[in-house]
Amino acid sequence: MKSVLFFLLIALSAYVYNPLRAQSAADIFDPFYEDLTLWEKIGLIDDAPPERPYPLQEIKRLLTVAMQNGDSIQQKAAQTHYKRLFNKSFHPGSKAEFAAQNTHKHTDTTNTTDTEVDFAAFCDFNYFLNDMLTLSARGGAVFTDRFMHNAVLPSFRYSSYDLAVDYVHVGSLYLLPFVNSVAAIGTSDCYFSAGISRANGGPFFDGSLTVGSHAMHQGRFNFVFRQNRWIYSQSFLTLSASDDKGKNLAPNKFVMLHSLTLRPFNILSLGVTDTVVYGGRLEPLYFVPFSAFFISQGLYDFPDNSLIGVHASVKPLKGLQINAQVYADDIGFNQIVTFKKDAKWRLSGQFGVSYAAADVFPFSADFDYTLVTPYTYTHANTNGEPASVNYQNYTHNGTPLGSNLQPNSDRIRLSFQFRPVHFLNGLCIKAGNSFIRHGNVSESVSNIAALKAYLSNEYATDGSVFNHALYHIYTSGGTIHKDQVFSYATPFLNQKTIQYVNQLELELNYRTPIMCSDGYIQFKLSYVFETNINPRVGTHIYKPDGSTDGWNTQTVEQIGHSVIEQKAAEQLKKWRLQAQGREIKHYIRLGAEIVY
């Protein structure tokens, strides 16, 4: 009933003010951020904070810089955003999308088609209460025939809708409400913001390793302090915890991040990010700025999950940008410095180069490589039981929070963007290709005690971010010990069964302004051609069955090595047969929206 009343309020507002849509500063998919990325590439903007979205104070400053220092094309784009965000405080709106997926399976020569229909009605609010206090919000409701977890999307991609599962029906469609907001106090040089929104971080805003835009919105409390040559930011996130299968959501999971970015020269920026993931309690110590989370949690015998990352960006020529980011989960320092080949490398990395031109022939080209080594972002919960709430893995609402790639994966991506402003202003053409490899790290497990644990308990063995390395060992006296597979080794993509995904895509986006209202009308068409070899690698290899009842309280010796090995070999063989195959998929998505 609450969902119905909420939607009726939105629908009434849309009727009074016309059924049109505007986006707000709280939305990282707002067109402003796409233009901002281009302005950063060409050097027009070089001092924006690394974490998005921004409050209205910061957006106003950035648009003012673009209007003052950009060329005529950049000035016009900045003026359009400025008028849309600041000339009107309240904007109702609507949006419609249709998606279809056709799958051809070569194993059984079958063809299947899936569709998705989405219609959204919502209202946006961007308002300066005074020079230091701002509010940006977007709330509404979506009619859809699919939830986020089964949306029609290519592999390794996630829905852009922030929808809580609520079984309110309107005919055959679900009616799901949503709200995103950012409130801020301060100036563009020093502000505190709070809200609920999606986020992403630089230098790779399309695929961040720290907090990715694919992750569902989360509660965010941010502090940013900027000086001429450095920026300090601290973010406190409230997340949805789950068990080790991504189910049974629960509260009281938190992430604290703080980062320091230095800009010693206009062409160079260097930064470090420190992160801790924890839950079940609120830890005041982690709110201390300029602290080291690994050292702080050492006061409590390291009960939480800390990560550290570094990033760099160099602009040697106008329009040319070279970026690098490494985010370390757990590394075997002693093994690395002694040059052991089985050293532990649990980290993610992204390295790329981009070129952008914004003069006579506006276009950009990006090439990047991303890797996520085995067990990166994974972490066992405190007691190690799969059914318990996991407060320490790098997930939110049952999906990855960092990279959208699963552990033991890598990706090569090339993309182009062209805007023919001189003969068809408003058209944006995007083209690209991504090649992804992914392996299920549990396929490499040969430790007999680990296999016994996998066959007798509901551990995740699908190679995902929930597939952690810890397992229990039972001794004859009933004592339980904990151990981890690959405590010192990182079997990166050397499994027998590897998933290969190639995605070739094209997107046409046409946006034309509504001169009388500072809004716009937008139409979008996207197509993805995907080839997926061994598409079911990301399924569980081992699981208990009737023949393994009671194994969880028995030792390896009591069961017998040969019995465990035979059962593991049977399930592994069955999984390999099911994981293999080839699928050809076609994805098409049509969308239309209007901003008044």
Side-chain angles (χ1 to χ4, degrees), residues 37 40-41 46-52 199-212 222-227 229-235 237 255-277 286 288-297 304-316 321-337 343-354 366-377 379 394 400-405 407 409-411 490 492:
T37 299
E40 288 182 318
K41 290 178 180 178
D46 57 12
D47 60 348
E51 290 86 20
R52 299 175 179 178
N200 54 18
F204 297 94
F205 291 104
D206 185 15
S208 173
L209 301 180
T210 52
V211 179
N222 303 319
F223 172 76
V224 175
F225 184 77
R226 180 181 52 246
Q227 292 293 286
R229 292 293 179 182
W230 59 275
I231 299 175
Y232 175 79
S233 64
Q234 184 155 334
S235 299
L237 313 183
V255 169
M256 182 71 81
L257 305 94
H258 52 207
S259 67
L260 179 65
T261 302
L262 305 177
R263 193 167 56 90
F265 309 101
N266 290 339
I267 65 170
L268 174 65
S269 66
L270 304 168
V272 59
T273 301
D274 193 17
T275 307
V276 64
V277 187
Y286 293 151
V288 177
F290 294 102
S291 61
F293 292 137
F294 181 77
I295 296 175
S296 297
Q297 69 160 321
D304 304 318
N305 181 18
S306 60
L307 304 91
I308 191 167
V310 294
H311 60 269
S313 180
V314 183
K315 301 176 182 178
Q321 185 173 16
I322 302 171
N323 297 318
Q325 183 178 24
V326 175
Y327 201 39
D329 187 341
D330 192 7
I331 57 176
F333 180 79
N334 293 334
Q335 292 77 37
I336 293 171
V337 297
K344 180 171 53 177
W345 293 89
R346 296 181 189 171
L347 53 81
S348 57
Q350 194 165 11
F351 313 91
V353 58
S354 65
D366 297 85
F367 176 80
D368 64 78
Y369 173 74
T370 304
L371 78 157
V372 183
T373 64
Y375 299 112
T376 302
Y377 298 122
H379 205 283
Y394 212 81
L401 178 66
S403 173
N404 64 323
L405 295 179
S409 303
D410 68 353
R411 176 182 62 213
T490 308
F492 182 54

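With sequence neighbours excluded, the residues satisfying side-chain contact (heavy atoms from CB on, under 4.5 Å) with Ile322 are Pro316, Val353. With sequence neighbours left out, the ring-ring contact (aromatic ring centres under 6.0 Å, His included) criterion links Tyr232 to Phe290. By the side chain to side chain donor-acceptor pair (under 3.5 Å) test, Thr37 is found to be paired with Arg52, residues two or more places apart in sequence or in another chain being considered. In terms of the side-chain contact (heavy atoms from CB on, under 4.5 Å) criterion, residue partners of Phe294 (sequence neighbours excluded) are, by chain and number, Gln297, Phe302, Ser306. Residues that satisfy the side-chain contact (heavy atoms from CB on, under 4.5 Å) test with Thr273, not counting sequence neighbours, are Thr210, Leu257, Ser259, Thr275, His311. Partners of Phe351 by side-chain contact (heavy atoms from CB on, under 4.5 Å), not counting sequence neighbours, listed by chain and number: Ala324, Val326, Tyr369, Leu371.
For Asp274 against Ala292, the heavy-atom pair with the smallest separation is OD2-CA, 3.4 Å. The minimum heavy-atom distance between Pro374 and Arg346, with the atom names listed, is O-CG, 3.6 Å. Closest heavy-atom contact between Ser233 and Glu51: OG-OE1, 2.7 Å. Contact detail for Ile231 and Ala48: the closest heavy-atom pair is CD1-O, 3.8 Å. Tyr286 approaches Ser296 most closely through the heavy-atom pair CE2-CB, 4.0 Å. When all heavy atoms of Asn404 and Arg411 are compared, the closest pair comes out as OD1-NH1, 3.3 Å.
To the nearest 0.5 Å, the span separating OG on Ser269 from CG on Asp47 amounts to 11.0 Å. The CG atom of Asn323 sits 8.5 Å away from atom NZ of Lys315, with the distance rounded to the nearest 0.5 Å. Taking OG from Ser354 and CG from Asp206, the interatomic distance works out to 12.0 Å, rounded to the nearest 0.5 Å. Distance check: Phe225 CZ to Leu260 CG gives 11.5 Å after rounding to the nearest 0.5 Å. To the nearest 0.5 angstrom, Leu307 atom CG is 9.0 Å from Thr376 atom OG1. We find the OH-CD1 distance between Tyr327 and Ile308 to be 9.5 Å, quoted to the nearest 0.5 Å.
Annotation: side chain of Gln350 is in contact with side chain of Asp368 (closest heavy-atom distance under 4.5 Å). Side-chain atoms of Arg263 and Asp46, non-hydrogen and from C-beta on, do get closer than 4.5 Å to each other. Residues Asp304 and Val277 have side chains not in contact (no heavy-atom distance under 4.5 Å, counting atoms from C-beta outward).
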Practice prompt. Could you give me the CA-CA distance, side-chain angles and deciding distance for Thr261 and Arg229, then say whether side chain to side chain contact (heavy atoms under 4.5 Å, CB included) is met?
Written response: CA-CA 8 Å; Thr261 302; Arg229 292 293 179 182; over 6 Å; no
Worksheet item: What's the verdict on salt bridge (Lys or Arg N to Asp or Glu O under 4.0 Å) for Asp366 and Lys41, showing C-alpha distance, side-chain angles and the deciding distance?
Response: CA-CA 10 Å; Asp366 297 85; Lys41 290 178 180 178; 2.8 Å; yes
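Side-chain atoms of Thr373 come within 3.5 Å of backbone atoms of Leu347 as a donor-acceptor pair (strictly under, hydrogens ignored). Formation of a donor-acceptor pair under 3.5 Å by the Ser208 side chain with backbone atoms of Phe204 is not found in this model. A donor-acceptor pair is defined here as one N or O able to donate and one able to accept, closer than 3.5 Å; no such pair exists between the side chain of Ser348 and the backbone of Leu209.
Asp329 and Tyr394 share no side-chain donor-acceptor pair at under 3.5 Å.
Under the 30°/60° scheme for interplanar angles, the aromatic rings of Phe293 and His258 are found to lie parallel.
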